[in-house]
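Only heavy atoms go into these numbers, but all of them, side chains included; no hydrogens, no water, no symmetry mates. What you see is a predicted model; the values in this text were computed from it and never measured. Residue numbers begin at 1 in each chain, while the letters A, B, ... track the order of the sequences.
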Amino acid sequence: MRLKRTHFIEEINSHLIGKEITVCGWILRRRDHGGVIFLDIRDRSGILQVVFEEGLDPKIHALADSLKIEYAVSIKGILRRRPPGMENPKISTGEVELVGKDLEIHNASQTPPFPMDEDLSEVSEALRLRYRYLEMRALGGQEAFIFRHRINQTIRDFLNSRGFIEVETPYLTKSTPEGARDYLVPCRLYPGKFYALPQSPQLFKQILMVAGFERYYQIVRCFRDEDLRADRQPEFTQLDMEMSFITEEDILGIVEDLLSHLFKETLGIELKTPFPRLTYEQALSLYGTDRPDLRFGMELKDVSDLGGDSQFQVFRSALEKGGIIKGLKAPAHFTRKELEELTQWAQNLGAKGLAWIKYQKDALTEEKWSSPIVKFFDRNILSRMEEHFELTEDKATLFFVADEPNITHRVLGELRLYLANKLSLIPKDAFKFVWIVDFPLFERDENENRLYSVHHPFTHPKVEDLELLDTDPLKVRSRAYDIVLNGVEVGGGSIRVHRRDLQEKIFHILGISKEEAEEKFGFLLQALDFGAPPHGGIAFGLDRLIMLMLGKKSIREVIAFPKTQRGQCLLTGAPSSVKIEQILELHLLPGWDK
RNA sequence: GGGGCUGUAGCUCAGCACGGUCAGAGCGCCUGCCUGUCACGCAGGAGGCCGCGGGUUCAAGUCCCGUCAGCCCCGCCA
């Protein structure tokens, strides 16, 4: 390294004209005119044009002639103002150029597999992942990661200022029942035993509350061995928080402060607080899902009474079987073919069918209402329908599903999203947070006929529902809350059980025996016995949050070295085979290590 | 475990439905020329197991079966 950098390119401007400076970086582009060579050199911070003139120094000019794209170089020269009319307004250093006097070539480069000076979003992701370091070096390739860095900094600054303490918890820990599949790490020292990588630091952060830290946070990696999606990676990052001597309101409040601070600092966006809240029941009833996208309307309406008054047998029999009838309004008309496709699509989701009624306000030539089923509805019902759905638009289509509540909500919830996308009803650049509260504590597993925790087994029941634990546990609501952004669950948490007797009772209801509870969670139960304070917290899927903030379609775009959908790292080739010696050492072949 | 889309030059893609001028384009790359370009330009050139394997056929990027890989989704994700 003969030529050391004197300036980052972003620091270079007309104030340095006439000065001798040295820049370091990579060749982005070259424009070779024979006697004069223009090079665009790029470092992390920007782009600068360098000129090598044959007349000035034939030797250096000849050396510069050997440069190609992505060679790593240092260039020393005199900064000068560009000749009049030769400025380049597209780059921040466009008024000036560096007249190259000395050049050190640190390394040559193969021709990159994709262009380094263009938007790479059209290049196949597999190739970009294989050459992730080149994608990142390319123009704009670091933006998401620099943004992510700023998010982390802003979160830490904010939480530090509010008295939170970041504590690191183990990655080699204990496998726990329920929840996602664990990643297991075989243990060399204890044949046949395994560590597990944490699905979250849940129990450790509760222990930290018992330990009296009172306010904890951690930006922490979590591991879940489940199938991948655009918003799911086997290892992902949580912002994990926990507080003592607090209630739900304290946590929701501090999270709203944190998120509005974050959006203001990093995106310049003012969020309105407090965020709206929906109960689980309301969310399901209005949007058909517990993670509603509030960027647009199209709420579901219950029309069970109207359907019951109609002569439409499908509706009436659904009601008789204990089902419900719900509908939503799309502000558009559809072709017969589209309606058939929608019906098919709804049936694939489990609906028996999809009823629709076309509405036309100023019906001079056409019927105001048209549909194969409209004959089952008399004038009176139709006008109640008009009122119910607030049919003020000229054209609309009403869609109905009549089925058991689960299916009705799921199908209409999906239909709502599908139609909103199709009709472009979702505003760009909108960020709509919503809290979902009052989740049920338990749900029933149909196959095994046992209860599961909707959140996790350490979630505190609502105090007013405690009595129902013995009589009707499925009716018990929990002190859990999710936070949803634009239809994506970005965080969730709860007030935890901090009393041993209640925790044991919940284990019992979940069908966890005393022995198993002792074996798996004995350390927690014991800790609760030593003056555990009331506490609760929340965890954010940080990758998802950043993905949404940047408007990316996949979490992989904001993770430096992500896995493919089949769980491979295309850069390193993991997972890979290992030597038989390693397997034997870990006692993974029983009997072979004797 | 299941459904769908994709795979042709270094990159992005066309060509597949109707098998036979079908090995093509743009960019990139290589060589040469060029003293004011900035996605420089001009002239010339190289580059292909049409993902892989099998089948049908006189003949297969093209049709069929299988398989691998990437992506999206369902299941799964307390």
### Task
Using modelled atom types only, decide if a donor and an acceptor are shared between the side chain of A/Thr93 and the backbone of A/Asn13 within a distance under 3.5 Å.
no
### Task
Between B/A39, B/G36, B/C76, spot the one nearest the side chain of A/Arg29, thanks.
B/A39
### Task
For B/C40, take OP1 and OP2 only and decide whether either is under 4.0 Å from a side-chain N or O of A/Arg31.
yes
### Task
Could you tell me whether the side chain of A/Arg224 has a donor or acceptor atom within less than 3.5 Å of a complementary atom in the base of B/C76?
no
### Query
Is there a donor-acceptor contact under 3.5 Å linking the side chains of A/Tyr216 and A/Gln218?
yes
### Query
Could A/Arg232 and A/Phe236 be counted as a cation-pi pair, given that NZ or CZ must be under 6.0 Å from the ring centre and within 45° of the axis?
no
#### Entry: Residue pairs fulfilling side-chain hydrogen bond (donor to acceptor under 3.5 Å, both in side chains) with at least one residue in residues 41-50 of chain A, sequence neighbours excluded
A/Arg31-A/Gln49, A/Arg42-A/Glu70, A/Asp43-A/Ser45, A/Gln49-A/Glu97
### Query
Expressed as a whole number of Å, how far does the C1' atom of B/A9 sit from that of B/G45?
15 Å
### Task
Write down the partner of B/C63 under the Watson-Crick or G-U wobble criteria, each distance required to be under 3.5 Å.
B/G55
### Message
Using a 4.0 Å heavy-atom cut-off, does A/Asp225 contact any base of the nucleic acid, only the sugar-phosphate backbone, or nothing at all?
### Response
nothing
### Query
Is the closest basic N to carboxylate O distance between A/Lys514 and A/Glu504 below 4.0 Å?
no
### For B/C34, the Watson-Crick or wobble counterpart (both distances under 3.5 Å)
none
### B/G7: pairing nucleotide in any strand, Watson-Crick or G-U under 3.5 angstrom
B/C68
### Message
Under 4.0 Å between a side-chain nitrogen and a carboxylate oxygen: does that hold for A/Glu95 and A/Arg82?
### Response
no
### Nucleic acid contacts - residues 88-99 of chain A versus RNA chain B, non-hydrogen atoms under 4.0 Å
A/Asn88, A/Lys90, A/Glu97
### Query
Distance only, no hydrogens: is a donor on one side chain within 3.5 Å (strictly under) of an acceptor on the other, for A/Arg410 and A/Thr408?
no
#### Entry: 5'-most by nearest nucleotide on RNA chain B - A/Glu122 or A/Glu87
A/Glu122
### Query
Considering only side-chain heavy atoms of A/Thr111, which listed nucleotide, B/G1, B/C29, B/U12, is closest?
B/C29
### Query
Rounding to the closest angstrom, what is the interatomic distance between B/U8 and B/C77 at atom C1'?
38 Å
### Query
Is a donor-acceptor pair below 3.5 Å formed from side chain A/Asp227 to base B/G75, judging by atom type as modelled?
yes
### Query
Tell me: OH of A/Tyr183 to P of B/C76, nearest whole Å?
18 Å
### Task
Kindly label the base of B/G61 as syn or anti, based on whether its glycosidic torsion lies within 90° of 0.
syn
### Task
Provide the Watson-Crick or G-U wobble partner of B/U12, both distances under 3.5 Å; none if there is no partner.
B/A25
### Task
Grab the CG-P distance between A/Leu39 and B/U37 for me, whole Å please.
16 Å
### Ring-on-base stacking B/U37 with A/His33 (under 5.5 Å, under 30°)
no
### Message
If I take atom CZ in residue A/Phe38 and atom C1' in nucleotide B/G41, what distance separates them, rounded to the nearest angstrom?
### Response
13 Å
Polar atom pairs (N or O), protein with nucleotides 7-10 of chain B, under 3.5 Å:
unit_1	atom_1	unit_2	atom_2	d
B/G10	O2'	A/Pro113	O	3.0

### Cationic N near anionic O, under 4.0 Å, A/Lys462 to A/Asp438
yes
### Query
What is the distance, rounded to the nearest whole Å, between atom NZ of A/Lys68 and atom C1' of B/U31?
12 Å
### Message
Say we look at B/G20 and B/G61: how far apart would their P atoms be, to the nearest angstrom?
### Response
10 Å
### Query
Are A/Tyr71 and A/Trp26 near enough that their ring centres are under 6.0 Å apart?
no
### Value in whole Å for how far the P atom of B/C29 lies from CE of A/Met116
13 Å
### Task
Determine whether the aromatic ring centres of A/Phe38 and A/Phe52 lie less than 6.0 Å apart.
no
### Query
Is the distance between the ring centroids of A/Phe507 and A/Phe521 under 6.0 Å?
yes
### Between B/A17 and B/G75 - P atom distance, rounded Å
37 Å
### Task
Take atom CH2 of A/Trp345 and atom C1' of B/G3, then tell me their distance rounded to the nearest Å.
15 Å
### A/Arg132 versus A/Leu571, closest heavy-atom pair with distance
N-CD1, 4.4 Å
### Message
Side chains of A/Asp40 and A/Leu48, heavy atoms from C-beta outward: is any pair under 4.5 Å?
### Response
no
### Query
Which part of the nucleic acid, if any, lies within reach of A/Arg80 when heavy atoms closer than 4.0 Å are counted: base, sugar-phosphate only, or nothing?
base
### Message
Determine whether a donor-acceptor pair (N or O, by modelled atom type, separation under 3.5 Å) exists between the side chain of A/Tyr481 and the backbone of A/Ser494.
### Response
yes
### Task
Determine the contact category for A/Ser200: base if any of its heavy atoms lies under 4.0 Å from a base atom, sugar-phosphate if only primed atoms, P, OP1 or OP2 are that close, otherwise nothing.
base
Show every donor-acceptor pair shorter than 3.5 Å between a side-chain atom in residues 196-207 of chain A and any protein atom, with sequence neighbours excluded, or say none if there are none.
unit_1	atom_1	unit_2	atom_2	d
A/Gln199	OE1	A/Ala180	N	3.0
A/Gln199	NE2	A/Ala180	O	2.7
A/Gln199	NE2	A/Asp182	OD1	2.6
A/Ser200	OG	A/Gln202	N	3.2
A/Gln202	OE1	A/His456	NE2	3.4
A/Gln202	NE2	A/Gln206	OE1	2.9
A/Gln202	NE2	A/His456	NE2	3.4
A/Lys205	NZ	A/Asp240	OD1	2.6
A/Lys205	NZ	A/Met241	O	3.1
A/Lys205	NZ	A/Glu242	OE1	3.3
A/Gln206	NE2	A/His535	NE2	3.2

### Query
On a whole-Å scale, what distance lies between the P atoms belonging to B/G19 and B/G1?
37 Å
#### Entry: Rounded distance (Å) that lies between atom P of B/C76 and atom CD of A/Gln199
16 Å
### Query
Whole-Å distance between B/G1 P and A/Arg181 CZ?
11 Å
All N/O pairs under 3.5 Å across the protein-nucleotides 69-73 of chain B interface:
unit_1	atom_1	unit_2	atom_2	d
B/A69	OP2	A/Arg566	NH1	3.1
B/G70	OP1	A/Thr564	OG1	3.2
B/C71	OP1	A/Gln565	N	3.0
B/C71	OP2	A/Gln565	N	2.8
B/C71	O3'	A/Arg556	NH2	3.0
B/C72	OP1	A/Arg556	NH1	3.3
B/C72	OP1	A/Arg556	NH2	2.8
B/C72	OP2	A/Arg556	NH1	3.4
B/C73	OP2	A/Ala230	N	3.3

### Message
Checking contacts here: which listed nucleotide (B/C77, B/C38, B/G36) is nearest the side-chain heavy atoms of A/Asp40?
### Response
B/C38
### Summary
Closest non-hydrogen atoms of A/Ile407 and A/Gly350, given as atom of the first, atom of the second and distance, are CG2-O, 3.6 Å
### Message
Under 3.5 Å for both donor-acceptor distances, Watson-Crick or wobble: does B/G48 have a partner, and if so which one?
### Response
none
### Query
Does any residue of residues 474-505 of chain A have a heavy atom under 4.0 Å from RNA chain B, and if so, which ones, in number order?
none
#### Entry: Closest non-hydrogen atom pair, A/Leu28 against A/Met116
CD1-O, 3.7 Å
